[in-house]
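Shown next, in structure tokens, is the structure this report addresses.
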Amino acid sequence: MSEVIAKLQEDHRRMEVILGVLDRKIANLTEGNNLNLFMIRTILDYIVNFPQKCHHPIENFLLRSLTRRNPQAGAISAEILNEHEMLANIVTRFVHDVECIEPGAPILKDELVATLNAYEDLLVQHMQKEEEFFFPAAEEYLIQADWDVIETRMRDKGDPVFGREADREYRALHKVIIEWGGK
Ligand SMILES: [Fe+2]
């Protein structure tokens with residue numbers, strides 16, 4: 001397996017773990033529990049920004065390469081790109097709902113849970129599609145030069161799109177969130 005695909009799959013596993021923590025924090029959310037609310041907002045920072053800054057740019061690069069090497073296999077691109085947008089829209093709605101929570105005011109927990117469930121359902125089937133169809137197709141059709149370009153950029157911490165600096169920051173944040181999850 002290429003280093004790139006291994007990283008993307010690891011990102012998926014990390015996202016699943018984070019969602020487990022978020023589920024528990026939302027279930028325990030009560031009025032006036034400001035620490036819990038702070039944790040939820042930090043988790044949302046990860047969920048919104050990590051894919052956008054560190055995960056989707058790599059997938060989008062692979063999708064473009066796949067479309068170039070094998071247009072038929074690349075046809076899945078439109079679907080995946082569309083889902084990236086749908087996921088961003090749902091999570092934006094969720095962030096807005098969380099931002100609207102006023103200290104001490106009643107919390108509309110059923111609505112929060114419904115939006116979160118919609119996000120998680122779509123994300124799980126989306127990651128499954130990527131792992132079952134898109135990643136194997138990329139491994140089959142991309143040529144070594146494609147992997148070389150992206151692996152070099154991933155190792156270059158100064159790279160504005162694939163550089164490891166932001167990735168490292170979010171990995172550190174992930175660790176903090178997981179520690180909270182155990183509390
Ligand atoms: Fe992905």
Side-chain angles (χ1 to χ4, degrees), residues 1-23 42-95 115-144 146-157 159-178 181:
M1 182 188 292
S2 85
E3 199 186 310
V4 180
I5 299 293
K7 185 219 178 280
L8 293 173
Q9 294 202 155
E10 196 198 347
D11 291 347
H12 286 181
R13 300 292 83 75
R14 284 171 173 268
M15 193 57 111
E16 285 169 354
V17 174
I18 287 278
L19 289 177
V21 177
L22 182 58
D23 279 342
T42 307
I43 296 170
L44 287 174
D45 173 44
Y46 181 95
I47 288 178
V48 171
N49 290 305
F50 179 75
Q52 196 186 314
K53 290 184 181 161
C54 305
H55 186 82
H56 292 161
I58 296 176
E59 289 179 341
N60 294 345
F61 178 91
L62 289 186
L63 280 167
R64 279 197 299 277
S65 303
L66 181 60
T67 307
R68 207 164 46 232
R69 302 293 169 209
N70 185 318
Q72 216 179 343
I76 198 170
S77 304
E79 231 172 284
I80 286 177
L81 289 174
N82 188 26
E83 284 171 4
H84 284 168
E85 207 170 311
M86 281 161 70
L87 286 163
N89 290 342
I90 303 178
V91 89
T92 302
R93 200 165 77 222
F94 189 75
V95 168
T115 309
L116 184 58
N117 285 345
Y119 174 74
E120 289 179 354
D121 288 349
L122 181 60
L123 183 64
V124 166
Q125 65 90 8
H126 170 77
M127 293 193 298
Q128 208 173 350
K129 187 185 294 172
E130 290 183 335
E131 291 182 27
E132 283 176 12
F133 301 102
F134 168 43
F135 296 166
E139 298 235 63
E140 190 173 348
Y141 297 112
L142 264 60
I143 61 169
Q144 193 54 47
D146 299 324
W147 298 112
D148 288 347
V149 169
I150 194 163
E151 281 172 14
T152 306
R153 291 183 66 178
M154 270 169 57
R155 276 185 226 110
D156 174 8
K157 64 178 181 174
D159 186 287
V161 183
F162 303 124
R164 71 183 133 91
E165 216 43 39
D167 198 73
R168 202 161 32 199
E169 252 172 58
Y170 281 103
R171 273 161 202 265
L173 181 59
H174 187 278
K175 195 164 170 272
V176 170
I177 294 169
I178 298 315

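Bear in mind that the values here come from a model prediction, so they are computed numbers and not experimental data. All ligand and atom numbering here is 1-based and tracks the order in the structure.
- Closest N/O/S atom of His55 to the Fe ion (ligand 1): NE2.
- Classification of the Phe61-Phe162 ring pair by plane angle, with boundaries at 30° and 60°, yields perpendicular.
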Query - Evaluation steps, side-chain contact (heavy atoms from CB on, under 4.5 Å), between Phe50 and Leu173 - result: CA-CA 10 Å; Phe50 179 75; Leu173 181 59; over 6 Å; no

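- Centred on the Fe ion (ligand 1), the angle running from Glu59 (OE2) to Glu130 (OE1) is recorded as 90°, rounding to 10°.
- Under a cut-off of 6.0 angstrom, the local environment of CD in Gln72 is sparse, with at most 12 non-hydrogen atoms contributed by other residues, nucleotides or ligands.
- Among His55, His12, His84, the one residue that satisfies the ring-ring contact (aromatic ring centres under 6.0 Å, His included) test with His126 is His84.
- Residue contacts to the Fe ion (ligand 1): His126 brings no N, O or S atom closer than 2.8 Å.
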